[in-house]
Asks: 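The following block contains the structure, expressed as structure tokens.
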Amino acid sequence: MKEISVTSSFTAYDSLNELPKDVQDLMNEAVEIRKKAYAPYSQFKVGAALLLDNGEIISGSNQENAAYPSGLCAERTAIFYAGSKYPEAKILKMAITAASDTNQTTAPIPPCGSCRQSIAEYEIKQDTPIEIYFMGEIGDIYKSASLKNLLPFMFDKKFL
């Protein structure tokens with residue numbers, strides 16, 4: 001038997017003002033699209049914005065449905081749209097923000113497991129890491145240099 005140790009490293013920012021200007025703009029886009037989320041069941045609104053290598057910014061918000069799990073998370077809404085509209089473009093950066101209608105979210109909210117797997121697919125496809133910035137409604141913002149920090153044992157096509 002042997003022990004395997006896996007570590008992840010993140011950068012923590014105290015506020016939006018500490019972020020690089022392009023990431024501030026991206027996070028502000030995520031905040032604006034979060035306000036357009038359709039979340040009548042969970043009351044939990046999420047916005048995501050992507051910066052592509054062609055300069056385009058793509059955003060998405062979560063879209064719920066009474067027939068769970070027919071809804072879609074903000075991250076996947078944005079990623080899938082980027083993949084269909086700009087299939088050759090690489091995703092450079094992703095900004096994610098989440099807010100609840102019932103209580104204030106003060107901790108960084110990372111992507112769910114399904115979104116992590118979807119982000120992994122695109123990171124593997126483009127063979128370059130995607131910087132991921134995530135926050136709640138207020139408070140710290142965390143940066144991951146790659147999805148690998150959030151999903152160290154990624155499942156991909158090599159296992160199929």
Side-chain angles (χ1 to χ4, degrees), residues 1-20 22-24 26-27 29-31 34 37 39 41-53 58-64 68-83 87-100 102-160:
M1 180 178 92
K2 62 182 175 181
E3 183 175 323
I4 298 171
S5 178
V6 177
T7 60
S8 293
S9 178
F10 299 87
T11 303
Y13 298 89
D14 292 328
S15 71
L16 286 172
N17 295 335
E18 289 187 355
L19 295 170
D22 66 329
V23 179
Q24 284 182 38
L26 199 61
M27 190 60 80
E29 180 72 25
V31 168
R34 179 189 78 205
Y41 307 104
S42 71
Q43 309 295 301
F44 191 75
K45 297 177 179 176
V46 182
L50 313 175
L51 174 62
L52 306 181
D53 67 352
I58 302 296
S59 59
S61 59
N62 58 317
Q63 302 294 310
E64 293 182 349
Y68 284 130
S70 296
L72 197 60
C73 298
E75 299 91 330
R76 287 181 285 152
T77 299
I79 290 169
F80 296 160
Y81 181 73
E88 302 305 318
K90 292 183 179 183
I91 301 168
L92 302 177
K93 299 175 184 183
M94 171 182 276
I96 306 162
T97 177
S100 171
T102 58
N103 57 0
Q104 193 169 51
T105 55
T106 59
I109 309 293
C112 75
S114 293
C115 287
R116 291 178 196 204
Q117 184 61 41
S118 294
I119 297 166
E121 187 72 22
Y122 280 78
E123 197 169 272
I124 292 163
K125 172 188 166 211
Q126 67 186 34
D127 196 30
T128 56
I130 299 170
E131 290 181 13
I132 303 169
Y133 297 81
F134 52 99
M135 65 180 284
E137 186 176 2
I138 62 167
D140 291 347
I141 300 108
Y142 288 175
K143 173 195 173 190
S144 174
S146 169
L147 190 273
K148 291 177 184 176
N149 284 323
L150 294 165
L151 191 64
F153 292 105
M154 293 192 301
F155 178 81
D156 64 31
K157 62 185 176 187
K158 71 179 175 227
F159 296 113
L160 300 177

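Each residue takes its place number in the sequence, starting with 1.
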Asks: Any chance you could measure Ser144, atom OG, to Phe10, atom CZ, to the nearest 0.5 Å?
Replies: 4.5 Å
Asks: Quick one: pull up CE in Met94 and CD1 in Ile58 and give me the separation to the nearest 0.5 Å.
Replies: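 With rounding to 0.5 Å, CE (Met94) is 11.5 Å from CD1 (Ile58).
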Asks: Should the heavy atoms of other residues, nucleotides or ligands under 6.0 Å from OH of Tyr41 be counted, would the total exceed 12?
Replies: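 It does: Tyr41 OH has more than 12 such atoms within range.
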Asks: For side-chain contact (heavy atoms from CB on, under 4.5 Å), just list the numbers for Ile141 and Leu19, CA-CA rounded to whole Å, side-chain angles, deciding distance to a tenth of an Å, and then say yes or no.
Replies: CA-CA 9 Å; Ile141 300 108; Leu19 295 170; 4.2 Å; yes
Asks: For Thr97 and Glu137, does a side-chain donor sit closer than 3.5 Å to a side-chain acceptor?
Replies: no
Asks: Tell me, with the steps shown, if Glu64 and Ser42 meet side-chain hydrogen bond (donor to acceptor under 3.5 Å, both in side chains).
Replies: CA-CA 8 Å; Glu64 293 182 349; Ser42 71; 2.2 Å; yes
Asks: Within the structure provided, determine whether Ile79 and Leu50 are in side-chain contact (heavy-atom separation under 4.5 Å).
Replies: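 Yes, side chains in contact.
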Asks: For the CG atom of Leu150 and the CD atom of Gln117, what is their distance to the nearest 0.5 Å?
Replies: 12.5 Å
Asks: Compare all side-chain heavy atoms of Ile109 with those of Ile96 and state whether any distance is below 4.5 angstrom.
Replies: no
Asks: side-chain contact (heavy atoms from CB on, under 4.5 Å), that's the test. Do Thr102 and Phe44 meet it? Break it down for me.
Replies: CA-CA 8 Å; Thr102 58; Phe44 191 75; over 6 Å; no
Asks: Can you name the nearest heavy-atom pair linking Ser118 to Phe80, along with the distance?
Replies: OG-CZ, 3.8 Å
Asks: Between Leu51 and Leu26, what is the shortest heavy-atom contact and its length?
Replies: N-CD1, 3.9 Å
Asks: Minimum heavy-atom separation for Lys93 and Asp22, please, with both atom names.
Replies: NZ-OD2, 2.6 Å
Asks: With a 3.5 Å distance limit and no angle check, can you tell me whether Asp140 reaches the backbone of Ala107 through a side-chain donor-acceptor pair?
Replies: no
Asks: Where is the tightest heavy-atom contact between Lys45 and Ala39, given as atom of each residue plus distance?
Replies: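 So the minimum-distance heavy-atom pair works out to CG-CB, 4.0 Å.
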Asks: NZ of Lys90: more than 12 outside heavy atoms within 6.0 angstrom?
Replies: yes
Asks: In this structure, are over 12 heavy atoms from other groups packed under 6.0 Å from Tyr122 atom OH?
Replies: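 Yes, the 6.0 Å shell around OH holds more than 12 heavy atoms from other groups.
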Asks: When you compare the side chain of Leu72 with that of Thr77, does any pair of heavy atoms fall below 4.5 Å?
Replies: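 Touching, per the 4.5 Å side-chain cut-off.
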Asks: Should Leu160 and Phe155 count as side-chain neighbours, where that means a heavy-atom distance under 4.5 Å?
Replies: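 The answer is yes; the side chains approach within 4.5 Å.
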Asks: Would a distance-only check, ignoring hydrogens and angles, find a side-chain to backbone donor-acceptor pair under 3.5 Å from Thr105 to Ala98?
Replies: yes
Asks: To check you understand the geometry: which heavy-atom pair defines the closest contact between Pro108 and Pro110, and what is its length?
Replies: O-CD, 3.4 Å
Asks: Are the side chains of Pro111 and Cys73 in touch, meaning some heavy atoms are under 4.5 Å apart?
Replies: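 Not touching, per the 4.5 Å side-chain cut-off.
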Asks: Would you kindly say whether Thr128 and Gln126 are connected by a side-chain donor-acceptor distance under 3.5 Å?
Replies: yes
Asks: Using distance alone, with no hydrogens and no angle criterion, decide if Ser5 and Glu3 have a side-chain donor and acceptor under 3.5 Å apart.
Replies: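 No, Glu3 and Ser5 have no side-chain donor paired with an acceptor closer than 3.5 Å.
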Asks: Are the side chains of Met135 and Tyr142 in contact, using a 4.5 Å heavy-atom criterion?
Replies: no
Asks: Under a 4.5 Å cut-off applied to non-hydrogen side-chain atoms, are Glu123 and Pro129 in contact?
Replies: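 In contact.
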Asks: Can you name the closest pair of heavy atoms from Leu151 and Ala120 and give their distance?
Replies: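 It is CD2-CB, 4.3 Å.
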Asks: Would you compute the distance between atom CD of Glu18 and atom OG1 of Thr11 and round it to the nearest 0.5 angstrom?
Replies: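 Answer for the CD-OG1 pair, Glu18 versus Thr11, is 11.0 Å.
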Asks: How long is the gap from CD on Glu75 to CZ on Arg116, to the nearest 0.5 Å?
Replies: 9.5 Å
Asks: Measuring only between side-chain heavy atoms, which start at C-beta, is Arg34 closer than 4.5 Å to Ser61?
Replies: no
Asks: Does the side chain of Asn149 come under 3.5 Å of the side chain of Ser146 through a donor N or O and an acceptor N or O?
Replies: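 Side-chain D/A pair, Asn149 to Ser146: absent.
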Asks: Does atom CD of Gln24 have more than 12 heavy-atom neighbours from other groups under 6.0 Å away?
Replies: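 Counting neighbours around CD of Gln24, more than 12 heavy atoms of other residues, nucleotides or ligands fall under 6.0 Å, so yes.
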Asks: Starting at CD1 of Ile119, measure out to CD1 of Ile124 and round the result to the nearest 0.5 Å.
Replies: 12.0 Å
